[in-house]
Structure formats: structure tokens, C-alpha cells
Enquirer: 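Structure incoming, see below.
No experiment lies behind these values; they were computed from the predicted model shown. Lettering follows sequence order; numbering is per chain, from 1.
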2 protein chains.
Amino acid sequence: MANRRASITDLAKTLGLSPSTISRALSDHDDVSEATKARVRQLAEELHYQPNQLAAALRRGRSNTLGVLVPHITGHFFPQVVHGIATEAAKLGFNVMICQSNEDAQQEQKNIDLLMNSQVEGILVSLANTTQSFGHFEAVRQQNIPLVFFDRMVEDFQGSNVSAVVVDDYQGAYQVVTHLIEQGCTRIAHFTGPLHLSIHKNRHQGYRDALTAHGLPVDEDLIACFDMNQKNGAQAMRQFLKLPQRPDGVFSSNDLAAVGALQVVKAQRLRVPEDVAIVGFSNEMFTSLTEPMLSSVDQRCEQMGKTAVQLLQKMLKSGPNRVGPPKPIVLKPKLLVRESSQKRR
Amino acid sequence: MANRRASITDLAKTLGLSPSTISRALSDHDDVSEATKARVRQLAEELHYQPNQLAAALRRGRSNTLGVLVPHITGHFFPQVVHGIATEAAKLGFNVMICQSNEDAQQEQKNIDLLMNSQVEGILVSLANTTQSFGHFEAVRQQNIPLVFFDRMVEDFQGSNVSAVVVDDYQGAYQVVTHLIEQGCTRIAHFTGPLHLSIHKNRHQGYRDALTAHGLPVDEDLIACFDMNQKNGAQAMRQFLKLPQRPDGVFSSNDLAAVGALQVVKAQRLRVPEDVAIVGFSNEMFTSLTEPMLSSVDQRCEQMGKTAVQLLQKMLKSGPNRVGPPKPIVLKPKLLVRESSQKRR
DNA sequence: GTGAAAGCGCTAACAC
DNA sequence: GTGTTAGCGCTTTCAC
């Protein structure tokens, strides 16, 4: 049967002290004599005393717990970010409660309530892609619980205790296209996903602007918009290769579609990168397994998680009467040039 | 400033009722009049009343929270399992607190304490690979907190409230080798990682036994033991291909090394699977990206998480005075035959 | 340097 | 059907 765990009261009785003294001794308060502290600590050790965090949290009004709400913990991106969050939170002494919205606005709402009821001290959220209204975050703001969006944020949701960490997709795309141009590409195709998603929108814009900035025309025939998987990437590439003037470079908004393209180009006995250079986006694990290895853009997933927690911590410290909203933090993505786009001389 | 959130006492005062009535009304207790319930609910709605879980948990002695402790949330396996856990837990109405041990026994110990202090109702653990002693789990057992190991378990740690969910690696390997034999392979090589890790040990044993069962000799020259990455897999394959009698099949204990082998075989102008059939293990995402697509073994990661939570739930329900320890649940892995091992006729 | 007392917000016996 | 009371385990003022 369960040995009831030792409580502060138990320690107090055994040592003939008051609960308050025990509590103070355990938290190493200044005005407890060293002698007493020693006795208390020793007994605590012996009885395997473990403080009841729930009680302490209730009393203090602080739970030492951060809430995390992500669309899901699958794929490449979110696990990495969550890993960054969990690691940094542990370092700063926070527990982490994790919920998934499953890309559903309703579940998101419920989970936010849940986290608030659990008295988390701050919340880290990446929005479900179906979320359209933000009433549930209103409550968070009213309670003045620090809120940090990461990756997927609400653009116009301001508040003194609301902030965000995102990665600069535009910049990443711009770097890719610039790199391809430097490699001598002049007809650079682009694979993009649905443009109502900001990630694709921003990468697409980076593509256009980089071309223009380098004096190249934007050819709408070289832009393919589809559901970004390997099969569709292959399909799109086949179409491009049929063009009278085929592209000599491809920037794909994700790695999966890029792999599809890579396979098609190779199958047609064209060389990568000499005939067609290819760059993906996200730096998925498999990018270094392809032949040739696929250039891609690292989104700094772990860094994003880490930064988000640090930001939250800062907001917690600065207290409720801070001035303006902190500016969103924009992480610089990192272009990783591998064989698929590095032309030999 | 933070509007203090409405409490039960607040509702009670406003409605001229007692806190207990409010509490009962909110939890839809039988002996509160419908009229009262309606009034209470309406006011609760208006004031956006949210119950303080901490207080309720403290009072009830039940936190409604499960603790999860994994080595890390990176790679392929753990994110998937965690996803399964989180999804199932949410379905059953549990919150989830997640910690990482970073493969470090000390952190594991600390995290276990942390979870217990947080009054989790049950704990799901996958062991750090450095864990040698199990004192920290002793405490869990003494408190009679249900404990479920998944994937990496302690073999001889029994207890009425301890159980485990694992996948049958031996069986998976056995299936692979049987399949290769059915495809006509007679010289089947094996890549394995360090044999003190049970996953590799079991897969290795499955390999040997399957060969023997089908009347094939176990040739030690066809077994390579190394750190299982792509490079080393390629290296090992090169060695094998130099043998006077080269292998006509390869069973790799993970997918990464299998990809290395695949690339080498192709580079030497041998055909996969006709000349050399290759099968990996884990069903990583990239297995369907290779050319030819790599056969592999699905470890049912999500199912494992789901099953672990269900098991925990069962243990919680059956109460502290159950009889023997539940038997470990062994999941059947699933062989996925893809192009790399399916010989055409 | 230590103790007494109050109370965080909730629930559950027990009364009526 | 509703109210009264007590208390989960802890921290913290205030008193000495």
C-alpha cells in the first residue's frame, strides 16, 4: 500500500519544530540557524521528503509550469521546436505541459482554457491553421498571462504581454534564389504550396524579389503551385522539363517536393546541379541522404523553441506593468549549400 | 492589470448560495435543483469562471495529469510515441507533463522526483540508455503510482503497479529474414549496432534464428557490427561486395545504414533488389524516398504511446489492491515490403 | 531564530 | 436541496 509521503507537518512533529521553520529551513531562508537547517535537511533526506508542488503552487499563486500548445507533435518541425522548448524550460526550472490542437481551432480553444485552469505561468502557442478568431487568446491577455506565439502567429493581436518568435521565410527564400543566380542559373523555377499560408506566401515573395533584384524576369510559367509532396514535385518537374526553354534551377518551398524533382531530373539523364540545380526548404533529415545531397534552408527549429522560452521568461520577470509589447523576434534562417546546387568549376 | 479570476466563493456570494452548492452545481451533482444549476451555470458563463485545477487537485488528491519521461524528443521514434501518448491522454481527459532525460540517469532521477512532486497520477517512462540503477523507480513503486515503461524497460523490475509496452524486435527481424529467404536470397548479410542494446541484440537474434530455421548457415563474415549511420553502412557494404561470394541480401538493423548500403550497391552498378535485396528497420520517413524505395519494419510508434496510456488508465482504474503485475504488452511490428526487396518474376 | 495563524480555491462529510 | 465545516500541504505575515 501507498506509504503516505512525508509532509512538512510530519517533519515538524518529529523534530519538535513548527511547520513554518521547516518550510524556511528547506528553502534555505536566512533567518534559520544553520544547526536547525542541518537537522531539517537530514530528516528530510531520511524520510525522502518531497514537497507537494501542487500545494506550494496554490499557496504561492505560481505553478512553475509553462503551457505549450502545438498543432501536433509529428513531422520534422514541431518535434524539434518542442525539444528546444522542453530543454530550455528545464534549464530555467520550469515544468512543461504540452497539448495538441490537431489543427483544430476548437481544440485549441479548449486547450488554452485547460492550460489557464492549470495555472501555467506562461503559454507558448503555434496556431492551428484553421484558427480564424482569437477570442480564446483574449482571456489569456485579460489574465495577463504572458503569451508567446512561435512560427504561426496572429499578426494583429497586440498586448503588453504578447509576443512572438518567427523565422524569416522571405529572407530564406531570397538567399536561396540569390545563391542559385550566383551559380549561374538564369531560369529558376519555383514550387510553392497554397499561398494563403504565410510560409508559402513569404517564400514565394522572396523568390520574386530576389529575381527582380538581380535583373531577372519573373516568368509565371516557371511557378507551380500544388500540394507539396514528392509525387506532385515529380509531376511538376516533368512539366517544366517539357518546356521549350527548360529551367536550369529549382527552388522548392519544401524538401519533399524537391526530392521528387531531383528524381525526375536524374531519371531523364540530366545532371544535378550542372543542368538543373535544386534547392529545398526546411533541412529535413533526408536532405543529406539523397544523391546528390540536397541543398536546403535550416529553419532553426530548436533555436526557435529556446528563444521562445527565453522571451517568455523575460516577460515574466519584467512584471505585469511593463510598457509596450515586445517586438516579435525574427530568426535568420540558414542556407545550407550541398551538392544539388553547388556547381563545380 | 490582471482581473482576478472569478472563484467559487465569488459565484456563491453573488448568487447568495454556499460554495458547496456552487461546486456541486458545476459538477452536475444529482442533488442540486435544475433551477439552481441553471443559475449557477449562467453566472459562471458570464464571469468566464474557470475552475482552479491546482486547488481541486490538491483537495482531491488527484491531479488528472500523467507524467512522461523520454530520453529526448528528437529523431523519428520518440516524437511519434509522444504524439500517440498526448493524443490518447487528451482523449481520456488527462493532461500530460513531459520531461527529457537527455539519456542521462541523473536527470532521469530528478525528473522522476519532479513528476512525483507534481502529483502526477501515473508515469510513462522510456529509460535513458545510461540508466543502470533503479532506486528512483523504487520511490514510485512505494507511492504506488502506476508506472508504465515503454520501449526501453527494466527487465526485472516487478511490482503490482508496474508494467510495460514494447515492440517485438526479434519477431520483426525474423519476419525480415524470412521474407528475404522467400525472395530467393541465400547469403543474407546483417548490419547491427552495439549488441548490449536490447534492440540490436533482439534483432540480431531474430536474424540468426530465422536463418537457422530455414536451414541456412549463419556466416559470421556476413555480420557487421558498427555505429549505425549512413556512412558506416556504405563502408560495410563495400567490404561485403569484395567478398569472393558476395551477399545477395542485406538486413540492416536500422534504415540509415540500409540507405548507405543501397547507395553503394547502386554505385557499383548492381541491381537492387535483383542482385542484392535490402531491408532496413524502423520505417523512417525517408524509406519511401529512396530509389528503389526501401523495405523496412514499422515499429508502431504511435500505437505504442496509445497502448501505454490505455494500460496506465487500466492500472489506475483497477485500484491499488490489484493482484499480480500486469504482463508486458508486446506489439507486433509490421514488415513493409517495398521495391528494395521485392523481386519481380 | 522560531512559532501561531491565516488562507490559496476547492471538495466532501456531515448536518438539517 | 442546501449550508456548515474542515482541511488538502504549503507559505507567509506578524508577533515574540
Side-chain angles (χ1 to χ4, degrees), chain A residues 2-41 43-44 47-65 113-114 116-121 143, chain B residues 2-41 43-44 47-65 113-114 116-121 143:
Chain A
N3 295 325
R4 202 178 55 69
R5 55 226 297 171
S7 70
I8 281 201
T9 319
D10 297 337
L11 301 197
K13 280 188 186 141
T14 313
L15 293 180
L17 289 170
S18 75
S20 22
T21 303
I22 306 291
S23 173
R24 284 186 279 237
L26 290 171
S27 46
D28 202 21
H29 229 276
D30 277 344
D31 42 35
V32 175
S33 71
E34 278 307 324
T36 309
K37 280 186 192 171
R39 288 174 64 208
V40 172
R41 284 186 193 133
L43 184 66
L47 301 187
H48 300 107
Y49 167 75
Q50 299 282 45
N52 182 325
Q53 307 261 18
L54 244 45
L58 176 60
R59 175 61 234 244
R60 285 212 203 90
R62 302 195 315 109
S63 65
N64 231 46
T65 299
D113 285 349
L114 180 77
M116 293 191 27
N117 300 351
S118 303
Q119 319 296 119
V120 297
E121 295 191 39
Q143 303 275 162
Chain B
N3 293 327
R4 203 177 55 67
R5 56 225 295 170
S7 70
I8 282 201
T9 319
D10 297 336
L11 300 197
K13 281 192 184 137
T14 313
L15 293 180
L17 289 170
S18 75
S20 28
T21 303
I22 307 290
S23 174
R24 285 185 280 238
L26 290 172
S27 47
D28 202 20
H29 228 277
D30 278 343
D31 40 36
V32 175
S33 72
E34 278 308 324
T36 309
K37 280 186 192 172
R39 287 174 64 209
V40 172
R41 285 188 192 130
L43 184 65
L47 301 187
H48 300 106
Y49 166 77
Q50 299 283 44
N52 182 327
Q53 306 261 18
L54 244 44
L58 177 61
R59 175 62 235 242
R60 284 212 201 92
R62 300 194 320 111
S63 65
N64 231 46
T65 299
D113 285 349
L114 179 78
M116 293 190 28
N117 300 351
S118 303
Q119 319 296 118
V120 297
E121 294 191 40
Q143 303 276 163

Enquirer: Within this structure, what is the CG-to-P distance between A:N52 and D:dG7, rounded to whole angstrom?
Expert: 18 Å
Enquirer: CD1 of B:I22 versus C1' of D:dG1: gap in Å, rounded?
Expert: 13 Å
Enquirer: Can you check the B:R62 CZ to C:dG9 C1' distance for me, whole Å?
Expert: 17 Å
Enquirer: In whole angstrom, what separates A:L15's CG from C:dT2's C1'?
Expert: 13 Å
Enquirer: Could you check how far CG of B:L54 sits from P of C:dG7, rounded to whole Å?
Expert: 20 Å
Enquirer: To 10°, what angle do the rotation axes through the five end pairs on each side of the helix from C:dG1-D:dC16 to C:dC16-D:dG1 form?
Expert: 40°
Enquirer: Please output the side-chain donor-acceptor pairs of residues 48-58 of chain A that fall under 3.5 Å, not counting sequence neighbours, one pair per line with the distance.
Expert:
residue	atom	partner	partner atom	Å
A:Q50	NE2	B:D113	OD1	3.1
A:N52	OD1	A:L54	N	2.8
A:N52	OD1	A:A55	N	3.1

Enquirer: Please state how far atom CD in A:Q53 lies from atom P in D:dC8, giving the value in whole angstrom units.
Expert: 19 Å
Enquirer: Working to the nearest 0.5 Å, report the span between CD1 of B:I22 and OG1 of B:T36.
Expert: 9.0 Å
Enquirer: What are the two closest non-hydrogen atoms of A:R5 and B:M116, and how far apart are they?
Expert: NH2-O, 3.0 Å
Enquirer: Assess whether side-chain contact (heavy atoms from CB on, under 4.5 Å) is satisfied between A:K13 and A:D10, documenting all intermediate values.
Expert: CA-CA 5 Å; A:K13 280 188 186 141; A:D10 297 337; 5.6 Å; no
Enquirer: Whole angstrom is fine here: how far is it from CE in B:M116 over to C1' in D:dG9?
Expert: 16 Å
Enquirer: Could you check how far CD of B:Q119 sits from P of C:dC10, rounded to whole Å?
Expert: 18 Å
Enquirer: Cut-off 3.5 Å, side chains only: do A:S23 and A:S20 have a donor facing an acceptor?
Expert: no
Enquirer: Taking protein heavy atoms under 4.0 Å as touching, what does nucleotides 11-16 of chain D look like 5' to 3' if B marks base contact, S marks sugar-phosphate-only contact and - marks none?
Expert: BBB---
Enquirer: Report the residue (B:S18 or A:Q50) whose heavy-atom-nearest nucleotide on DNA chain D is the more 5′ of the two.
Expert: B:S18
Enquirer: Only counting residues at least two apart or in another chain, list the ones meeting side chain to side chain contact (heavy atoms under 4.5 Å, CB included) with A:T14.
Expert: A:L43
Enquirer: A:P19 and A:A12: which non-hydrogen atoms are nearest, and at how many Å?
Expert: N-CB, 3.7 Å
Enquirer: Using a 4.0 Å heavy-atom cut-off across all strands, classify B:L17 as base, sugar-phosphate, or nothing.
Expert: sugar-phosphate
Enquirer: Measuring from atom CD1 of B:I8 to atom CG of B:L17, what distance do you get when rounded to the nearest 0.5 angstrom?
Expert: 11.5 Å
Enquirer: Under the side chain to side chain contact (heavy atoms under 4.5 Å, CB included) test, which residues partner B:K37, sequence neighbours left out?
Expert: B:A25, B:D28, B:V32, B:E34, B:R41
Enquirer: Listed in order of residue number, which residues of residues 31-40 of chain B have a non-hydrogen atom at under 4.0 Å from DNA chain C?
Expert: none
Enquirer: Taking the side chain as everything from C-beta on, heavy atoms only, tell me whether B:E121 gets closer than 4.5 Å to B:T65.
Expert: no
Enquirer: Do B:Q119 and B:R60 make a side-chain contact, defined as non-hydrogen atoms from C-beta onward lying under 4.5 Å apart?
Expert: no
